[in-house]
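Just so it is clear: chains get the letters A, B, ... in the order the sequence lines come, proteins before strands, and each one is counted from 1.
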Protein chains: 2
Amino acid sequence: MNARSVIDGDMARTTGSHSDITGPRIREVALRLFAAEGYAAVSMRKIAAEVGVQAGALYNYTPDKQSLLFDLMHGHMEDLLAARAQAGTAGTPTDRLEAFTRFHISYHEERPHEIFIAYMELRNLTPENFVVIEGLRGKYEDELSGILRAGVESGEFTLVDPRVATRAIISMLNGVTTWYRREGRLSLTDVETIYWDMVRKAVGA
Amino acid sequence: MNARSVIDGDMARTTGSHSDITGPRIREVALRLFAAEGYAAVSMRKIAAEVGVQAGALYNYTPDKQSLLFDLMHGHMEDLLAARAQAGTAGTPTDRLEAFTRFHISYHEERPHEIFIAYMELRNLTPENFVVIEGLRGKYEDELSGILRAGVESGEFTLVDPRVATRAIISMLNGVTTWYRREGRLSLTDVETIYWDMVRKAVGA
DNA sequence: CTTTGCCATGAACGCCCGTTCAGTTATTGA
DNA sequence: TCAATAACTGAACGGGCGTTCATGGCAAAG
């Protein structure tokens, strides 16, 4: 055995540790339980039991239950914005609207738990945490608003009220996660295409 | 004072009573609190305190907390179906779709608590109660499905998939209650018209 | 006025909650 | 091999939970 040195980088782990296993597991279990039963109905003991640990151990990873919820929602919104930033934003407003529609549907279909929490558990955030999440959500919705306004200006879209249209389209697209099942009669691409057809017509493109 | 006899009918009240005050108050307070904070986060003691009564007294009106939730949801769905049955169902599919759209928006705007609960607290119902509510919801959505199918058959609508369109339209319309405020820049009629414009175009009419 | 019985009280039941913490275990670097 | 320390346990804290029930006040009926 050779004297291979420690893998460098940001590795700063000190002695005896496997927090890099338990930490993610806690977030993963909490995400699933919060989505299935709701924040208020899930106890720290229940999360701990599912992780395979005692309740007290959770507090090595989160200062309290509220932070656990906030971190999940915050992480989700930042991931969503980052993924959206990488997706295509070029072309005509119509092209961009199609890209947005397909991106929204496919991204959220892969993360049903996250979106469920992001929209259902807002009222369980403390006021300070709420404004942060609400701000990030606003940033995401602004992407769609911008596309709609550009389309109206270019004459591609005919919309009575772009602000209301933004809300309407977001609500419609979010609905997908409440009924779509991978094993069902439609593929995800089918669903994207059906929704895109309705969105396109709704904006008058 | 004359010997006016007891008001007849189904009056079967026996001796000393004001349950016809407390009963409705409990449902009213529970509805508001469940909508604002969520079923799991609202305790029986909290409901009782807001009604102005001790927790034990609630059990003169409901066998348990679960029944309180179920009765609120069940009552809401039956009222919704009854109101819908009275609304206009005549004319072309386009007429009927417009009537449905405007009915749905205006009915739900007047009952924001009810719809919030009906869509957010499904997971807090016992399995038996869940299937009942889900069945009533299906009946309501079938009204829209019927209109869409009729429009496709008559050639008025061009829809890739009426079943998916039903879900999409319902989601879109439900979204109104998450942002609409009476004091805001738009009247309810404005909102109805904006949404009807989008729905009409989305179905290709 | 007396009886009737609805309606509400308030204490109690056993249980679960979020969180803390002193002590134990397990893993690592030296 | 051993000291250092991260990770976890298990018990405890005060408090809230849904629900039950013996008790009593009080309005109406007779």
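- Between B:Tyr61 and C:dC7, a side-chain N or O to OP1/OP2 separation shorter than 4.0 Å is absent.
- Not counting sequence neighbours, A:Tyr39 has no partner by the side chain to side chain donor-acceptor pair (under 3.5 Å) test.
- At whole-Å resolution of the value, CG in B:Asn124 and P in D:dG18 are 12 Å apart.
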Which atom pairs, donor and acceptor, lie under 3.5 Å between side-chain atoms of residues 128-138 of chain B and protein residues at least two apart or in another chain?
| from | atom 1 | to | atom 2 | distance (Å) |
| --- | --- | --- | --- | --- |
| B:Asn129 | ND2 | B:Gln66 | OE1 | 3.0 |
| B:Asn129 | ND2 | B:Thr126 | OG1 | 3.3 |
| B:Arg137 | NH1 | B:Tyr119 | OH | 3.3 |

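- Following rounding to the nearest Å, A:Leu33 (CG) and C:dG18 (C1') show an atom-to-atom distance of 16 Å.
- The CD1-C1' distance, from B:Ile21 to C:dC6, rounds to 13 Å in whole Å.
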Identify all pairs in which a protein N or O lies below 3.5 Å from an N or O of nucleotides 23-25 of chain C, and state each distance.
none

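- For B:Tyr59 and C:dT9, the OH to P distance is 14 Å, given to the nearest whole Å.
- Residue pairs meeting the ring-ring contact (aromatic ring centres under 6.0 Å, His included) criterion with at least one partner in residues 161-196 of chain A, sequence neighbours excluded, are absent.
- The salt bridge (charged side-chain N to carboxylate O under 4.0 Å, His left out) test applied to B:Arg181 returns no partner, not counting sequence neighbours.
- There is a side-chain donor-acceptor pair under 3.5 Å between A:Ser187 and A:Asp190.
- Nucleic acid contact class of A:Val51 (heavy atoms, under 4.0 Å, all strands): none.
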Please list, pair by pair, any protein nitrogen or oxygen found under 3.5 Å from a nitrogen or oxygen in nucleotides 9-15 of chain D.
| from | atom 1 | to | atom 2 | distance (Å) |
| --- | --- | --- | --- | --- |
| D:dT9 | OP2 | A:Gln54 | N | 2.5 |

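- Taking atom NZ of residue B:Lys46 and atom C1' of nucleotide D:dG18, one finds them 15 Å apart after rounding to whole Å.
- Distances shown here put every side-chain N or O of A:Ser43 at or beyond 4.0 Å from the OP1 or OP2 atom of C:dC16.
- Under the 3.5 Å distance criterion, with hydrogens and angles disregarded, a donor-acceptor pair is assigned to the side chains of B:Asp64 and B:Ser67.
- Taking atom CD1 of B:Ile26 as the reference point, atom P of C:dC7 lies 11 Å away to the nearest angstrom.
- Inter-residue side-chain proximity for A:Tyr107 and A:Asp79 is flagged as met; some heavy-atom pair is nearer than 4.5 Å.
- Annotation: B:Phe116 is not in aromatic contact with B:His108 [ring centroid separation under 6.0 Å not met].
- In this structure, A:Ile47 atom CD1 and C:dC17 atom P are separated by 10 Å, rounded to whole Å.
- Regarding contacts with the backbone of C:dC7, every side-chain N or O of B:Thr22 stays at 4.0 angstrom or more from both OP1 and OP2.
- Rounded to whole Å, atom C1' of C:dC16 lies 12 Å from atom NZ of A:Lys65.
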